[in-house]
Amino acid sequence: MRGHDWINTCLPDELVVEIFRRLDSKRSRDACSLVSIRIGATGSPDLFVHLLSTRFSNVTNVHIDERLSISLPVHLQGRRRGVENSSASSLKLNYLNVNNGSEEGDLDSLCLSDVGLAALGDGFPKLEKLSLIWCSNVTSDGLASLAQKCSSLKALDLQGCYVGDQGLSAVGQCCKQLEDLNLRFCEGLTDKGLIELALGVGKSLKSLGVAACAKITDSSMEAVGSHCISLETLSLDSEFIHNQGVLAVAEGCPQLKVLKLQCINVTDDALEAVGASCLSLELLALYSFQRFTDKGLCAIGNGCKKLRNLTLSDCYFLSDKGLESIATGCKELTHLEINGCHNIGTLGIESVGRSCQRLTELSLLYCQRIGDVGLLQVGEGCKFLQALHLVDCSNLGDAAMRGIAIGCSNLKKLHIRRCYEIGTKGIVAVGEHCKSLTDLSIRFCDRVGDEALIAIADGCSLHYLNVSGCHQIGDAGVIAIARGCPQLCYLDVSVLQNLGDLAMAELGENCPLLKEIVLSHCRQITDVGLAHLVKRCTMLESCHMVYCSGITSAGVATVVSSCPNIKKVLVEKWKVSQRTKRRAGSIISYLCVDL
Amino acid sequence: MELLCIRQWISGLLPTWLSAWCIKPVGGALVRQEPEYILLALMGSPLKKIMLCSSEKEIFSVEEQVMVQHSVIINNMIEDGSYNHEESKIPLDCVDSKTLKKVIDYCTHHTHHHNDNQEDLEAWDAQFLNVDSNGLYDLLMAANYLEIRNLLDLIYGTIKNMIKGKKIDEIRRIFNIKDHGFTPEEEEQNRKEYPHFY
């Protein structure tokens with residue numbers, strides 16, 4: 001029998017990695033990386049980066065993420081020889097970080113190192129955006145070498161890397177066009193590095209994000225306030241930053257437009273300073289158990305008249321009074337999100353409905369104290385509302401839905417989850433009045449039945465529908481949707497025990513644009529229905545079908561072979577035959593069952 | 001007793017100390033096992049057979065205990081109830097008859113001879129893996145699919161020995177790699193930079 005090159009062409013990436021892991025000398029691994037480009041790319045990022053830089057010289061964006069599993073960039077698979085400089089400008093590499101500790105041998109060459117980063121700098125001198133996500137082998141030296149070569153760098157994103165202060169200083173000295181810096185889980189960075197960077201690129205820096213970096217404190221923020229006069233966006237997630245730091249930025253950066261704070265040690269004093277100094281503020285987001293009270297929020301309402309976007313998440317001490325002062329003070333408000341603020345109730349929402357006439361998006365998450373009257377007022381006052389998100393608002397019922405439907409005729413997106421008082425009547429009202437609705441999600445609302453979907457199908461042309469967990473819905477409702485919404489491209493009908501093959505056939509007949517479908521936990525759907533669906537829905541890219549006892553490996557094979565554009569299939573491993581695996585390659589994701 | 005009755009009976013009555021015993025080695029890893037399976041074993045049906053069906057539709061009958069001890073996939077299938085002893089066979093569309101027979105041989109030998117001394121086992125393994133490159137690939141894919149860790153480790157060990165210390169030209173020859181994917185310029189550059197590898 002003639003020999004067959006299986007290691008290069010047929011062996012899946014994970015198994016190539018397994019072979020590399022067992023090569024316990026660096027020499028063996030280096031040699032193996034040169035055997036073929038596919039093996040080298042899978043096992044040796046440094047070498048691969050060097051190669052990429054010679055093949056693609058116009059790259060401006062590079063994103064390297066070592067958390068995810070291996071996937072060779074599609075356009076590099078099966079490359080023929082003699083390829084000229086590609087016009088690709090953006091490269092995204094995902095590498096599996098295999099430093100699991102207990103393995104034999106030295107595994108460092110399986111992750112990107114300083115050598116690789118320096119090669120990146122050499123190869124892509126026009127680099128503008130660089131993201132290094134959990135590249136645990138990269139240090140200051142690598143970043144410094146890259147900084148010296150890439151003076152056009154505009155955006156740098158470091159997450160989970162052990163880069164130290166010298167690296168950041170080097171960036172400050174060499175990359176004078178830096179506009180965007182994001183630091184997350186950078187345990188090696190201290191105030192020194194960030195202060196030197198602020199000194200170096202203060203004039204150009206527009207956006208700064210610092211999260212989970214324990215050694216960065218108020219001193220850095222003071223430097224930012226002193227030097228970064230163009231700063232427009234600041235995002236802080238740290239318990240080591242106090243009022244002093246936020247005050248320094250508020251007073252020093254008058255062009256601040258976006259402020260996001262998740263700092264448990266910051267209090268009303270900081271908000272008062274923001275209200276007094278940041279008159280250009282357009283977006284404010286306060287997250288997680290902050291100590292802010294109505295006093296701080298009133299200061300914002302009084303001062304930041306240009307505020308358009310407000311997010312209040314888990315701010316327990318804020319009440320209707322604070323929200324009222326925002327509503328009356330910030331008339332330009334277009335986006336409002338209230339998440340888990342248990343002291344905000346109907347009165348606060350009523351004042352928003354009365355005063356914020358430009359509101360386009362409203363999200364109320366875990367707001368059990370808000371009642372129908374609040375949303376009725378929003379329906380009357382916010383005529384331009386386009387998107388409404390409601391999660392776990394157990395006091396909202398059909399009357400609220402009706403009020404919104406009648407008043408907000410421009411509604412495009414409605415997402416409801418676990419609002420158990422909302423039923424068929426409310427959704428029927430939406431179908432009758434919201435003619436512009438394209439995106440509807442009603443999840444786990446068990447009072448919603450088929451008539452609701454029939455009314456929606458009649459009145460709206462949906463692109464996106466999710467009715468997961470609304471177990472009263474069956475074939476009748478989904479068939480109506482299939483017939484009434486030919487533009488449908490995303491459908492989630494998971495956990496619907498009464499849904500069967502008839503609905504699948506109807507979808508195949510009437511919704512040719514369908515791209516993604518979720519059928520998990522639908523016991524009555526079989527291979528027959530699935531076949532009818534995929535025969536006509538040729539644009540299908542994603543199919544989730546776990547826990548479907550009526551679907552067998554034949555059905556899975558049909559999906560993979562009938563859909564030329566299929567990119568993701570989620571199914572149990574034992575339902576996938578070898579032929580299907582060969583055909584489908586890396587698009588199949590398996591359900592992992594923990595024992 | 002029917003299997004269903006056993007499950008119902010056990011879920012009501014089984015004391016927690018017995019649940020702690022429900023851990024057994026499968027393919028080299030420790031895996032929790034449903035208590036009624038232990039009970040079936042205790043009731044004396046260790047020779048229960050299951051049917052495995054190759055991609056060529058040939059049916060192989062093998063002791064359930066043997067496969068369940070080595071293959072995580074088959075163990076899962078039997079545990080989550082999707083395998084019915086009376087009616088069904090387990091379709092293994094990924095594995096051809098020749099390879100399946102070899103895999104069954106491996107699992108059977110290792111179950112029945114697990115008390116043998118280390119050298120004898122290693123000698124048997126070496127003889128077992130005395131196959132050509134294609135055969136090795138088929139075994140690797142089958143072991144990966146069925147998740148038989150001992151066999152996987154063995155095969156990887158063999159591949160490692162085929163690579164270790166060899167020059168790249170030789171490795172390419174052994175694995176029949178004709179199109180390595182580097183451009184002529186890149187290949188030349190590699191040979192210049194790392195001449196001792198070639």
Chain A contacts, top residue of B:Asn144, B:Ile73, B:Asn190 (heavy-atom pairs, under 4.5 Å): B:Asn144

For chain A, the option from B:Met141, B:Lys167, B:Lys166, B:Glu187 that forms the most heavy-atom pairs under 4.5 Å: B:Met141

Contacting moiety of B:Ile177, where chain A heavy atoms sit under 4.5 Å: both

Side chain / backbone / both / neither for B:Tyr198 at chain A, heavy atoms under 4.5 Å: side chain

Take atom [atom1] of [X] as the centre, draw a 6.0 Å sphere, and report whether it contains more than 12 heavy atoms from other residues, nucleotides or ligands.
{"X": "B:Glu170", "atom1": "CD", "value": "yes"}
{"X": "B:Arg191", "atom1": "CZ", "value": "yes"}
{"X": "B:Lys164", "atom1": "NZ", "value": "no"}
{"X": "B:His196", "atom1": "NE2", "value": "yes"}

Pairwise side-chain contact, [X] with [Y], heavy-atom cut-off 4.5 Å (strictly under):
{"X": "B:Ile171", "Y": "A:Cys32", "answer": "no"}
{"X": "B:Tyr194", "Y": "A:Leu34", "answer": "yes"}
{"X": "B:Tyr156", "Y": "A:Leu15", "answer": "yes"}

Residues A:Val35, B:Arg172; criterion side chain to side chain contact (heavy atoms under 4.5 Å, CB included); working and verdict: CA-CA 7 Å; A:Val35 168; B:Arg172 285 175 181 166; 3.9 Å; yes

Any residue meeting side chain to side chain contact (heavy atoms under 4.5 Å, CB included) with B:Ala126, in chain and number order, not counting sequence neighbours: none

Proximal component of A:Ser33, with respect to chain B [non-hydrogen, under 4.5 Å]: backbone

Chain B contact via A:Ser553 - side chain, backbone, both or neither, heavy atoms under 4.5 Å: side chain

B:Ser133 backbone acceptor or donor facing A:Trp6 side chain under 3.5 Å: yes

Salt bridge (Lys or Arg N to Asp or Glu O under 4.0 Å) involving A:Glu18 - partner list, sequence neighbours excluded: A:Arg21, A:Arg22

